[in-house]
Amino acid sequence: MILSNDTRIGRYSVNSFIKDGEVNETYRIADTGDNFRPLFMKLYVPDRFSSELKTPSGEVAEIELCRGLSHPYVISHVADGTYTAPDGKEYPYIITNYFSGRLLSEMLGYDKSPFSLDEIVSIYRQVIQGLSYLHEKGLVHNDITPRNIMYDPDTKSVQIIDMGHIARAKSNERHYLTADMEPLYRSPEGWRNSNDPAGDIFSASAVIFALLTGRAPWDFELPVIDDADERERKLKTAVHLARKKQLDFSRATMEVPAWLRDTIAGALNMKVAERLGADQILAALDGQKSPFDKPAAPKGDDENEAQKIEKPEHPGMMRQKSAEPEEKSHEMAEKAKVKRGNGFADVAGMDDLKDLLQKKVLFILKNKEKAERYRLTPPNGMLLYGPPGCGKTYFAEKFAEESGFNYKFIKASDLGSIYVHGAQGKIAELFNKARQQAPVIICFDEFDAMVPDRSSRSAENIAGEVNEFLSQLNNCAKDGIFVIGTTNQPERIDKAILRKGRLDISVYIPEPDANTRKLMFDLYLKDRPCDPIDTQRLADLTDKYVASDIAFIVNDAAMIAAFRDEPLTQSGLEDSIKSTRPSLTDAMLKDYAASRSKLENTSSAETRPRVGFMQYQ
């Protein structure tokens with residue numbers, strides 16, 4: 001290990017060693033100039049690699065080619081340079097953003113997929129968009145596998161990582177090793193080392209097949225080949241023979257719609273000229289239609305021309321799509337769906353709140369005839385407020401699961417419009433659709449951004465939208481609509497929204513207490529390879545840490561353990577705690593106590609038992 005903890009390299013400080021690679025070492029570091037933001041550093045050891053891993057300019061290929069990369073779904077370049085050790089040796093390094101979550105490889109092999117079909121489609125879309133960004137930069141990843149894609153269950157987003165095999169597209173350059181590439185996900189072009197963007201699309205689609213079935217396409221037991229010189233040739237032959245068989249979806253752990261089977265099969269075509277490109281895949285995912293469906297011929301046009309399936313200019317390239325208002329209209333028109341899950345059984349604590357909602361809301365919603373006989377009117381909705389990361393949105397989802405009703409989750413961006421007051425029409429459209437799908441629960445995330453206090457000068461331009469909300473919320477329970485608003489900043493919400501007949505109930509969701517933090521650690525560590533772990537000690541070390549902090553700590557320690565191919569340890573988890581600052585401060589908690597006092601007419605000195613929630617991944 002070249003660097004020790006607390007080694008300083010300019011503004012960066014080393015937190016911990018992650019793993020020792022064939023040609024480099026990986027560390028977690030902190031940016032001392034940016035509130036100790038966590039980052040990754042790869043430190044290259046010149047003694048371990050030959051000149052063929054460098055570009056003609058003499059730089060390490062990964063450093064030169066990754067410089068300037070920045071995309072939500074691709075690990076992004078932050079800085080690079082050279083570290084000079086005390087003995088005078090120089091080590092090139094690259095620093096990238098720090099990612100959290102779990103490797104997709106950790107989430108395979110279960111009898112039942114941990115993902116829903118919608119989540120898998122979303123992962124597919126994000127990976128293709130991330131790869132398209134690289135391809136537009138003239139680059140190819142070359143090693144897309146489940147171990148090189150991170151998934152964050154909180155944000156439901158991916159990051160493509162490990163750029164150790166990156167190359168310029170369509171070049172004959174090979175500044176990387178091939179011995180560590182996974183044969184079952186390697187594309188036909190990858191075996192030829194042709195650096196073709198189409199190979200990335202093939203490998204990404206193979207990953208999606210694995211998420212659906214629990215195994216790579218054309219999976220078979222790889223032969224053990226001791227001779228390193230023969231390994232590449234013999235594995236290539238074995239994989240090629242296996243891929244002569246028909247693609248088999250029969251082991252899928254869920255019902256895979258025909259359009260998705262067609263899309264994956266088309267993207268796994270062995271002939272690159274006939275393989276689907278990124279733009280065709282995205283069109284299929286967006287429209288949920290087979291890319292091979294033939295459109296009806298427009299009047300006056302030649303029928304054969306209309307039925308042709310458009311071929312991409314390059315099979316690995318994606319045409320840029322702009323975020324037009326039509327896309328947002330599609331979001332708004334999407335049908336609300338019943339939220340499936342364990343409901344309140346997944347929530348630790350909050351017994352008083354759960355009992356209140358069962359008796360005063362769910363009972364009435366579920367017993368419509370009895371409610372009419374006794375002339376009972378349920379509340380229109382509730383506001384869930386409190387510090388960020390404490391589970392407000394999660395509790396709303398569990399409430400929806402408990403109800404068994406249709407559920408719709410709305411972000412502020414879903415209501416956006418390029419037109420002045422255009423969002424008013426979308427708000428009305430949303431509630432009209434909800435009435436047709438009643439009983440329905442609508443959750444508005446970050447509600448303060450949608451209904452800001454109209455007395456504030458910054459809210460003058462959306463007063464019409466706030467008025468529309470007020471109109472739609474009036475006694476909406478009579479139409480079978482229950483509204484939940486979540487916010488970290490309740491003081492910014494227009495006071496009229498919180499009056500009776502609109503959002504009748506205000507509920508403070510506090511930070512988790514020690515017992516709940518222990519339950520969270522127990523939960524997050526479940527089904528992961530672990531040495532004996534004292535979760536009570538971890539809970540005691542994490543006062544003022546919220547649920548999202550604890551999830552990050554466990555994922556961080558698990559990711560480092562996965563890179564090292566060893567179980568999670570007590571020391572590894574405690575190292576992650578030391579490297580992760582709590583989200584809450586005493587000043588923040590004092591501010592929330594004051595907000596609660598105003599909203600619930602309680603003394604700021606009065607305290608409700610600190611409770612929390614459990615979040616399943």
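Basis for what follows: all heavy atoms, side chains included, without hydrogens, waters or symmetry-related copies. Heads up: numbering here begins at 1 and tracks the sequence.
To the nearest 0.5 Å, the span separating OG on Ser205 from CD1 on Ile128 amounts to 5.0 Å. Taken to the nearest 0.5 Å, the CD atom of Glu511 stands 11.5 Å off from the OG atom of Ser583. The line from CD of Gln358 to CZ of Phe363 is 11.0 Å long, rounded to the nearest 0.5 Å. Here CD of Gln536 is found 7.5 Å from CG of Asn515. Values are rounded to the nearest 0.5 Å. If you take CG on Asn148 and CG on Asn142, they are separated by 11.5 Å, rounding to the nearest 0.5 Å. For the atom pair CD1 (Ile18) and CD1 (Ile29), the distance works out to 9.5 Å, reported to the nearest 0.5 Å.
If you check the side chains of Arg11 and Thr32, you find no donor sitting under 3.5 Å from an acceptor. Residues Asp180 and His165 bring a donor and an acceptor atom of their side chains to less than 3.5 Å of each other. No hydrogens or angles considered: a donor-acceptor pair under 3.5 Å links the side chains of Ser4 and Thr7. With no hydrogens or angles considered, no side-chain donor-acceptor pair links Lys398 and Asn342 at under 3.5 Å. Checked by atom type, the side-chain pair Arg28/Asn5 shows no donor-acceptor distance below 3.5 Å.
Taking the charged nitrogens against the carboxylate oxygens, Lys42 and Glu62 do have a contact shorter than 4.0 Å, which makes a salt bridge. A salt bridge is defined here as a Lys NZ or Arg NE, NH1 or NH2 lying under 4.0 Å from an Asp or Glu carboxylate O, and Asp513 with Arg517 fails to meet this definition.
Geometric assessment of Lys19 against the ring of Phe563 yields a positive cation-pi assignment under the 6.0 Å and 45° thresholds.
The side-chain heavy atoms of Ile553 and Thr542, taken from C-beta on, include a pair separated by under 4.5 Å. Between Leu103 and Pro146, the closest side-chain pair of non-hydrogen atoms is not below 4.5 Å. Taking 4.5 Å as the limit, every side-chain heavy atom of Lys156 sits out of range of all side-chain heavy atoms of Ser122. Side-chain atoms of Leu184 and Asp219, non-hydrogen and from C-beta on, do get closer than 4.5 Å to each other. Counting heavy atoms from C-beta on, the side chains of Asp118 and Val121 never come closer than 4.5 Å. Counting heavy atoms from C-beta on, the side chains of Arg102 and Met107 come closer than 4.5 Å. Taking 4.5 Å as the limit, every side-chain heavy atom of Asp522 sits out of range of all side-chain heavy atoms of Lys526. Looking at heavy atoms from C-beta onward, Leu39 lies out of side-chain contact with Thr96 at the 4.5 angstrom threshold.
Within 6.0 Å of atom CZ in Arg492, 12 or fewer heavy atoms from other residues, nucleotides or ligands are found, so the atom counts as exposed in its surroundings. Atom CD of Glu566 has more than 12 heavy atoms from other residues, nucleotides or ligands within 6.0 Å.
Here Phe115 and Tyr151 bring their ring centres to under 6.0 angstrom of each other. In summary, the aromatic rings of Phe17 and Tyr27 are positioned with their centroids under 6.0 Å apart. In summary, the aromatic rings of Phe36 and Tyr12 are positioned with their centroids too far apart to meet the 6.0 Å limit. Between Tyr385 and Tyr508, the distance separating the two ring centers is shorter than 6.0 angstrom.
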Audit row: Phe405, Phe482, ring-ring contact (aromatic ring centres under 6.0 Å, His included) steps and yes/no: CA-CA 10 Å; Phe405 300 150; Phe482 187 80; 9.5 Å; no
side-chain contact (heavy atoms from CB on, under 4.5 Å) between Tyr44 and Glu25, worked out: CA-CA 7 Å; Tyr44 293 85; Glu25 294 181 352; over 6 Å; no
Trace of the salt bridge (charged side-chain N to carboxylate O under 4.0 Å, His left out) decision for Lys544 with Asp586: CA-CA 8 Å; Lys544 296 188 181 67; Asp586 289 330; 3.2 Å; yes
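Between Ser595 and Pro490, the shortest heavy-atom contact is CB-CG, 4.1 Å.
Evaluation of the salt bridge (charged side-chain N to carboxylate O under 4.0 Å, His left out) test over residues 568-583, restricted to residues two or more places apart or in two chains, returns Arg537-Glu574.
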Only pairs under 3.5 Å count here: list side-chain donor-acceptor contacts from residues 441-451, not counting sequence neighbours, and write none if there are none.
from	atom 1	to	atom 2	distance (Å)
Asp445	OD1	Thr393	OG1	3.1
Asp445	OD1	Thr486	OG1	2.8
Asp448	OD1	Thr487	OG1	2.7

